[in-house]
Amino acid sequence: MTSPAPTPYGSWISPLTAAEVSATSARIEGARFVGEDAWWGESIAEEAGRSGVRRAEAGAVVDVLPAPWSARSRVHEYGGASWTADDDGTLYFVEKADQRVWRLDAGAAAPVALTPEAGDVRYGGLSLQHGRLLAVREDHTAGGAVPARDIVEIARDGSGPTSLVAGSDFVAHPALSPDGAHLAWIAWDHPYMAWDSAELRVGALDGGRVVVWRTAAGGASSPLQPEWADADALVFADDPTGRWNLWRTDLAGAAPTPVAPADADTGGALWVLGTRWYGLLADGRIVAVRTNGSDALVVVEPDGSVRDLAVEPVTQLSLEDVRGTRVLLSGAGPRGAGLWLVDVDASDDARLIAGGSSPWGDEWMPLPRAVTASGPHGPVHAFDYPPTNPDATAPEGERPPYVVFVHGGPTSHVGGAASGKIAYLTSRGIGVLDVNYGGSTGYGRPYRERLLGQWGVVDVDDVIAAARGLAEQGAADPERLAIAGGSAGGWTVLCALAGSDTFGAGISRYGVADLPLLAADTHDFETRYLDGLVGPLPEAEELYIERSPLSHLDLLRTPLLIEQGLDDRVVPPSQSEAVRDALAANGVAHAYLAFEGEAHGFRRADTLVTTLEAELAFLGRVFGFETPGVPDIDLD
């Protein structure tokens with residue numbers, strides 16, 4: 001059998017189509033045990049990104065929440081925990097269109113509203129605890145600079161919500177004690193983000209209100225996810241040592257004691273309400289995520305010993321629900337994102353519930369290589385995904401083009417698992433370097449705080465160092481390095497292109513370009529985020545202007561593909577349009593793709609297909625290789 005003729009990198013023939021990648025990229029939005037069944041939330045790309053609730057029945061997927069209903073919260077704009085259910089099969093959800101909480105009884109023809117029409121009032125963080133429905137409420141009706149937020153109990157009979165506790169700019173993770181006598185929750189105030197400084201609060205419930213509370217943690221720590229071990233004892237995650245580890249305290253106010261401390265994180269940035277990093281088992285054991293680069297799942301025994309669990313997902317792990325020794329675990333592994341049912345006493349028999357599979361064999365999925373580059377601010381962590389195609393070889397001596405992925409947040413985190421989007425590129429002969437620049441979670445508080453006051457500096461230096469390090473090793477063509485990112489990642493793309501000649505092409509998805517405009521127009525959750533990332537206003541106004549790519553439009557000389565949702569309230573289209581106009585004025589090759597019905601983060605199947613194909617075609621046009629199987633792209 002003869003070997004295939006060498007084909008230039010970027011032009012390899014691949015079975016991975018943009019439509020298949022879009023269809024197999026599961027976006028799980030919570031999961032719950034309902035009786036003996038598993039239900040899960042999922043963004044359904046082929047239904048314009050509708051957030052459905054689903055279950056499996058006789059090998060088929062059944063929609064519990066029928067179209068056009070969509071369970072999606074807008075608390076903090078990013079939402080989270082937008083639905084829950086009881087063991088009788090009653091579904092409680094936040095409807096995207098009106099942000100009210102609705103109840104859908106098993107077998108009912110239509111849901112009924114549980115919260116009143118009250119203008120711009122939003123709910124999220126729904127949870128059923130000891131028969132009571134709790135939520136975070138966000139009320140914009142007063143028109144103040146900071147909307148009112150409180151934790152409420154929502155009557156399941158439709159008689160309305162009752163406020164339990166308020167008094168903070170932000171609240172999250174309400175936890176009701178087993179006897180119903182106490183409430184624990186997380187609170188924080190401007191100008192901090194939850195991962196900068198927050199407090200664990202515990203209060204006594206009297207007549208349906210929290211009448212007194214105490215603070216169990218705060219200052220230079222960021223507690224998360226309180227859980228009641230019993231009526232008197234609390235477990236929570238916190239990072240006073242620089243790593244989010246588990247701690248235990250009690251109602252008597254005992255000093256928190258560590259639970260199986262490790263040089264890894266059980267916790268992360270609280271962008272999305274309801275995110276869970278651990279679960280308490282009925283027998284006293286704890287099942288927990290530990291992150292140090294990639295994610296691992298462990299069981300902590302009552303004596304403090306720790307046992308690793310063998311599971312497929314290695315990044316984006318979330319403990320969605322626990323029942324007995326069974327765990328519903330969402331995350332991403334070598335075959336993509338999905339939901340698994342895991343028995344902690346038999347993890348080798350984990351059952352795939354949704355997603356986590358692809359129509360392509362494992363031979364098409366690149367194996368990640370953890371790499372560390374030396375940067376001017378310290379080590380830079382990344383994952384390298386080399387070109388991978390069992391049916392293709394490159395001409396001798398040719399080095400592959402690479403795309404440097406820059407995640408958003410900027411406190412997000414990437415782990416060592418190839419996605420369909422990564423394989424879409426690597427199977428065509430384009431490498432991907434996924435960078436956890438300074439500011440990312442997953443490596444401890446000092447690494448995260450490297451970005452304080454240095455956004456637009458450290459992130460840019462780190463992605464440049466990672467890209468150049470790969471090229472110096474001979475793994476990438478230094479003349480064909482591209483950079484791509486969305487939101488905060490798009491900011492880093494624009495800053496890197498304006499301040500460096502390292503990259504020959506850029507892809508910005510709804511990227512931040514104007515810091516003063518972002519500070520003035522962004523939503524409340526991030527109103528003071530820039531205080532820490534850049535500096536407080538008005539004192540740092542000149543720095544905001546100096547750092548912004550829009551202040552240096554004359555320096556944008558690199559071909560750029562811009563993608564923007566026209567309904568984006570986090571980064572408005574005007575910022576992308578200004579970059580587009582500057583590129584046109586500078587005579588720089590570019591394309592601008594704007595999408596109706598898309599907000600901050602693309603969800604529609606047609607948008608996902610269009611952007612994947614456009615990005616591949618754009619790289620081919622700029623770097624000079626053919627891209628068979630995708631439409632050409634016109635550059636202005």
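Numbers here simply count residues along the sequence, with the first being 1.
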Novice: Check whether Gln99 reaches the backbone of Arg74 with its side chain - one donor and one acceptor, N or O, closer than 3.5 Å.
Specialist: yes

Novice: Just wondering, do Leu104 and Thr90 contact through their side chains at under 4.5 Å, heavy atoms?
Specialist: no

Novice: Is it the case that the side chain of Asp238 and the backbone of Ser222 share a donor-acceptor pair, with hydrogens and angles ignored and the cut-off at 3.5 Å?
Specialist: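 Yes; judged by distance alone, with no hydrogens or angles, the pair exists.
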
Novice: Near Tyr192 OH, under 6.0 Å, is it more than 12 heavy atoms from other residues, nucleotides or ligands?
Specialist: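 Counting neighbours around OH of Tyr192, 12 or fewer heavy atoms of other residues, nucleotides or ligands fall under 6.0 Å, so no.
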
Novice: Do Leu533 and Pro410 make a side-chain contact, defined as non-hydrogen atoms from C-beta onward lying under 4.5 Å apart?
Specialist: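 They are in contact (side-chain heavy atoms under 4.5 Å apart), so the answer is yes.
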
Novice: Can you tell me how far the CD1 atom of Ile186 sits from the CD1 atom of Ile151, to the nearest 0.5 Å?
Specialist: 9.5 Å

Novice: Whether Arg448 and Asp265 form a salt bridge (side-chain N of Lys/Arg under 4.0 Å from carboxylate O of Asp/Glu) is what I want to check.
Specialist: no

Novice: Do side-chain atoms of Thr84 reach the backbone of Ser127 as a donor and acceptor pair under 3.5 angstrom?
Specialist: no

Novice: Contact between Val94 and Trp102 at the side-chain level, heavy atoms closer than 4.5 Å - yes or no?
Specialist: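 Result no, sub-4.5 Å side-chain heavy-atom pair not found.
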
Novice: Please confirm whether the backbone N or O of Phe33 pairs with a side-chain atom of Asp321, one donor and one acceptor, at under 3.5 Å?
Specialist: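 Yes; at least one donor-acceptor contact below 3.5 Å.
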
Novice: Ignoring hydrogens and geometry, is there a side-chain-to-backbone donor-acceptor pair from Tyr278 to Val235 under 3.5 Å?
Specialist: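 Yes, because the side chain of Tyr278 sits within donor-acceptor range (under 3.5 Å) of the backbone of Val235.
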
Novice: Ion pair present between Glu29 and Arg603, side-chain N to carboxylate O less than 4.0 angstrom?
Specialist: yes

Novice: Could you give the distance from CD (Glu613) to OG1 (Thr610), rounded to the nearest 0.5 Å?
Specialist: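 That separation rounds to 7.0 Å.
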
Novice: Determine the minimum heavy-atom distance between Ala194 and Ala198, stating which atoms define it.
Specialist: O-CB, 3.8 Å

Novice: Treating Asp196 as the side-chain partner and Met193 as the backbone partner, does any N or O pair qualify as donor plus acceptor under 3.5 Å?
Specialist: yes

Novice: Could you tell me whether the side chain of Thr522 and the main chain of Glu526 form a donor-acceptor pair under 3.5 Å?
Specialist: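 No: the side chain of Thr522 does not pair with the backbone of Glu526.
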
Novice: Does the pair Arg323/Asp87 count as a salt bridge with the N-to-O cut at 4.0 Å?
Specialist: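 Yes, this pair counts.
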
Novice: With distance as the sole test, does Thr115 use its side chain to make a donor-acceptor pair with the main-chain N or O of Val101 at under 3.5 Å?
Specialist: yes

Novice: Is any side-chain N of the basic residue among Asp86 and Arg32 closer than 4.0 Å to the acidic one's carboxylate O?
Specialist: no

Novice: Without swapping roles, check the side chain of Asp568 against the backbone of Val571 for a donor-acceptor pair under 3.5 Å.
Specialist: yes

Novice: Is Trp277 close to Leu319 at the side-chain level, that is, under 4.5 Å between some pair of heavy atoms?
Specialist: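 No, their side chains stay 4.5 Å or more apart.
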
Novice: Check the orientation of Trp271 and Phe525. Use parallel for under 30°, tilted for 30 to 60°, and perpendicular for over 60°.
Specialist: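 Perpendicular, since the angle between the ring planes exceeds 60°.
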
Novice: Please determine if Arg326 forms a cation-pi arrangement with Trp340, meaning its NZ or CZ atom is less than 6.0 Å from the six-membered ring centre and no more than 45° off the ring axis.
Specialist: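 Checked: cation-pi criterion not met.
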
Novice: Between Asp120 and Arg122, is the closest basic N to carboxylate O distance under 4.0 Å?
Specialist: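 Here Arg122 pairs with Asp120 in a salt bridge, since their nearest N and O are under 4.0 Å apart.
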
Novice: Hey, does the side chain of Arg27 reach the backbone of Ile44 with a donor-acceptor pair shorter than 3.5 angstrom?
Specialist: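 No; zero donor-acceptor contacts below 3.5 Å.
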
Novice: Which of parallel (below 30°), tilted (30 to 60°) and perpendicular (above 60°) describes Tyr78 and His523?
Specialist: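 Because their plane-to-plane angle is over 60°, the rings of Tyr78 and His523 count as perpendicular.
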
Novice: Check whether the ring centres of Phe236 and His173 lie less than 6.0 Å apart, and answer yes or no.
Specialist: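 Aromatic pair excluded; centres sit 6.0 Å or further apart.
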
Novice: What pair of heavy atoms forms the shortest contact from Leu251 to Trp228, and how long is it?
Specialist: CD2-CH2, 3.7 Å

Novice: Determine whether Leu329 and Val311 make a side-chain contact, defined as any pair of heavy atoms from C-beta on separated by less than 4.5 Å.
Specialist: yes

Novice: Ring centres under 6.0 Å, that's the criterion: do Phe93 and Trp39 meet it?
Specialist: no

Novice: I'd like to know if Glu95 pairs up with Arg100 as an ion pair, taking the criterion as any Lys NZ or Arg NE/NH1/NH2 lying under 4.0 Å from an Asp or Glu carboxylate oxygen.
Specialist: no

Novice: Looking at Arg54 and Asp63, is any side-chain nitrogen of the basic one under 4.0 Å from a carboxylate oxygen of the acidic one?
Specialist: yes

Novice: Do the side chains of Leu164 and Trp185 get nearer than 4.5 Å, heavy atoms only?
Specialist: no

